[in-house]
Amino acid sequence: MLFVLMLGAGLFFFYFRIYRVVPVFSEITCEYGDQISQDIEDYISGTEWSVHLGELDLSQVDEGHTGTYQAVVYHGRTQFTYEVTIQDTVAPEILWKEGQIYLAAGAECTVEDIIEGIVDADPQAEAFISRGGSLESSLCFDQTGQYQLEILARDSSGNETAGQISVIVDTAPSFDGIRDFYCIPGSDPDYLDEVTAQDDLDGDLTADIQVDDSEVNLNASGDYVLYYTAEDSYGLETVEEARVLVGSEDEIQALIGSRQIDYREDIIIGAPNIYDGGAAGYDDIDETLEYMRPALVQLYHGVGRGGYSAGSGYIIEITEDRIYICSNHHVVSKYEDWDIYFYDGTVIRGRAVGTSQRYDVGVVEVLLENVPEELLEKLMTVHIDRTYWESLNQQDIEVGLERVDRTGGLLHVSKGKLIKVKQDFGWNNGAFHTEVTVELVHGDSGSAVLDGYGNLICMAYAYSTDPVRFWCVPLDGILDCYREITGRTPYVY
């Protein structure tokens, strides 16, 4: 009996003095962002030995979001539950930039351009520009000047912090002359050629332009991006991009031929004929004739007592030192020297290279050194696609010609249909000629006859009567005679 009483007393003492634990709390509120304790001693109290027999379970507590959750402590067969409330009562802190803030007029600026950032336990906290009762993430100033802006920072619990800052709006630097580059592998383009930067405050910033070509590999085919940066004394920065496409000669020429790139707007290096007028993607004879006008010329030779001889021509090739112009033999053969009137009225002395009577073809050249730079930057050659031309037979397509005068205007425009690219011809050794319905008049001789895409189809030659029929030198005849006269072959698609 005594033994039983002593055992009971021992168990009683063990449980209540050594083993028994009690919860420290039943409910607790934590600030969002503060780490919830993982220490078991913060949840139950008792002897150190017994407390550490407990197991804390926080699996149902989401520390990443505010709310009320349940934590559990398991101690033997006993389970203690706790209500854990996570609340966010601390407003975000706005980190202000040091010094005066400058923004660019006409450019979108964000909150990040105005403040350094915000500090808050809530990763969803945001900062806004408060204007007229609305919150905006960005804004754009149309006019320069000094402005007071209110910045509001808000977390997902609705805690807010607001403050004001003064900003000065000024014009950012501007670029001129940035163009895309299209070049063959191994090229060494001058990225800064003709590129300038200007700023209203600092004036000319051209010497300070920074070029980032770290993404460009000029030795490997590819499509790359080049970056230009200009910064004024206020720290306002303008960044513009340019394309750098590195490809083979034929790849770049194909882009020219389809009018996707243009030497007047892009920098083209290594293509066989950067001046090629190209072919449009749609058929429009009126638009094409106007577009191709920079390839047209008039040949003029004054004769004593106010007389003159004239004819039409077109630019077939532009080399490093010459412009080659095609016309008819019966035009070119008359004189050794010609005044060449370009489409804008510019006149430059030209020289007859030679003629061929296989077809009525003649060639005149103009030295490039005599051509004003502003004119050369506008000229083009006719587009020659022999593969396309050879696919034509009795095609009822629209063709036409324009004849330029000596003052930058037009003397004659004529449009019609293509009858046949190779038609029997009763004169000139019976060689095949191209027949069209384009009405030819005196002075049209040597004119380029184009289709609505811009392809050179033939060259105006003559007309016959009874019945009236209009005849042209076919494209293959033009090319053969040009090669015979000059020893050269223009780029042919």
Side-chain angles (χ1 to χ4, degrees), residues 295-301 308-317 323-341 350-366 381-382 384 386 389 392 399-404 411-412 414 416 418-451 455-490 492:
L296 309 181
V297 303
Q298 182 185 142
L299 286 70
Y300 181 88
H301 190 96
Y308 69 92
S309 179
S312 297
Y314 52 92
I315 302 172
I316 191 170
E317 191 176 16
I323 296 177
Y324 290 97
I325 296 163
C326 264
S327 185
N328 287 138
H329 157 76
H330 72 262
V331 173
V332 176
S333 61
K334 293 178 182 178
Y335 300 101
E336 183 69 22
D337 297 315
W338 288 90
D339 287 330
I340 305 300
Y341 284 86
R351 182 186 69 85
V353 179
T355 64
S356 173
Q357 296 189 55
R358 292 178 56 197
Y359 279 97
D360 196 332
V361 176
V363 178
V364 175
E365 66 178 12
V366 170
T381 67
V382 289
I384 304 172
R386 187 159 183 168
W389 180 82
L392 301 175
V399 293
L401 64 82
E402 285 188 347
R403 177 154 54 96
V404 297
L411 282 172
H412 184 231
S414 184
L418 171 65
I419 295 178
K420 196 171 184 181
V421 294
K422 285 292 191 72
Q423 183 71 283
D424 291 332
F425 189 61
W427 299 270
N428 198 20
N429 301 319
F432 289 112
H433 279 61
T434 300
E435 185 175 1
V436 296
T437 65
V438 178
E439 183 177 353
L440 303 179
V441 300
H442 179 71
D444 285 345
S445 296
S447 295
V449 178
L450 309 169
D451 71 1
N455 296 289
L456 177 65
I457 303 299
C458 51
M459 176 170 60
Y461 167 48
Y463 65 90
S464 57
T465 59
D466 196 23
V468 175
R469 300 171 73 179
F470 302 99
W471 301 95
C472 301
V473 179
L475 179 61
D476 59 356
I478 297 171
L479 294 175
D480 289 345
C481 291
Y482 181 76
R483 188 181 305 109
E484 174 190 333
I485 296 167
T486 65
R488 300 185 55 81
T489 301
V492 178

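No hydrogens, no waters, no symmetry mates; every other heavy atom, side chains included, goes into these values.
The closest donor-acceptor contact from the side chain of Tyr359 to the backbone of Phe432 lies under 3.5 Å. When atom types are taken as modelled, the side chain of Ser327 and the backbone of Ser312 share a donor-acceptor pair closer than 3.5 angstrom. Put simply, the side chain of Asp444 gets close to the backbone of Val441: a donor and an acceptor are under 3.5 Å apart.
Using a 4.5 Å heavy-atom cutoff, the side chains of Ile340 and Ile325 are in contact. Within the 4.5 Å cutoff, no side-chain heavy atoms of Ser447 are placed close to those of Leu296. Counting heavy atoms from C-beta outward, Ser464 and Trp471 have side chains that approach closer than 4.5 Å. In this structure the side chain of Trp389 reaches within 4.5 angstrom of the side chain of Ile457, judged on heavy atoms. Side-chain contact between Ile316 and Ile478 is present, with heavy atoms from C-beta onward closer than 4.5 Å. Considering only heavy atoms from C-beta on, Cys326 comes within 4.5 Å of Val363 through its side chain.
Each of Val421, Leu456, Leu392 was checked for a side chain to side chain contact (heavy atoms under 4.5 Å, CB included) with Leu475, and the lone residue meeting it is Leu456.
Classification of the Tyr341-Tyr300 ring pair by plane angle, with boundaries at 30° and 60°, yields perpendicular.
No more than 12 heavy atoms of other residues, nucleotides or ligands sit less than 6.0 Å from atom CD of Glu439.
Pairs of residues two or more places apart, or lying in two chains, that qualify as salt bridge (Lys or Arg N to Asp or Glu O under 4.0 Å) and include a residue from residues 459-475 are Glu435-Arg469.
Residue Pro490 comes nearest to Ile384 through the heavy atom pair CG-CD1, 4.1 Å, listed as atom of the first residue, atom of the second, then distance. Considering every non-hydrogen atom in both Ser356 and His329, the closest pair reads O-CB, 3.8 Å.
Applying the salt bridge (Lys or Arg N to Asp or Glu O under 4.0 Å) test to Lys420 and every residue at least two apart in sequence or in another chain returns nothing. In terms of the ring pair (Phe, Tyr, Trp, His ring centres under 6.0 Å) criterion, residue partners of Tyr335 (sequence neighbours excluded) are, by chain and number, His301, Trp338.
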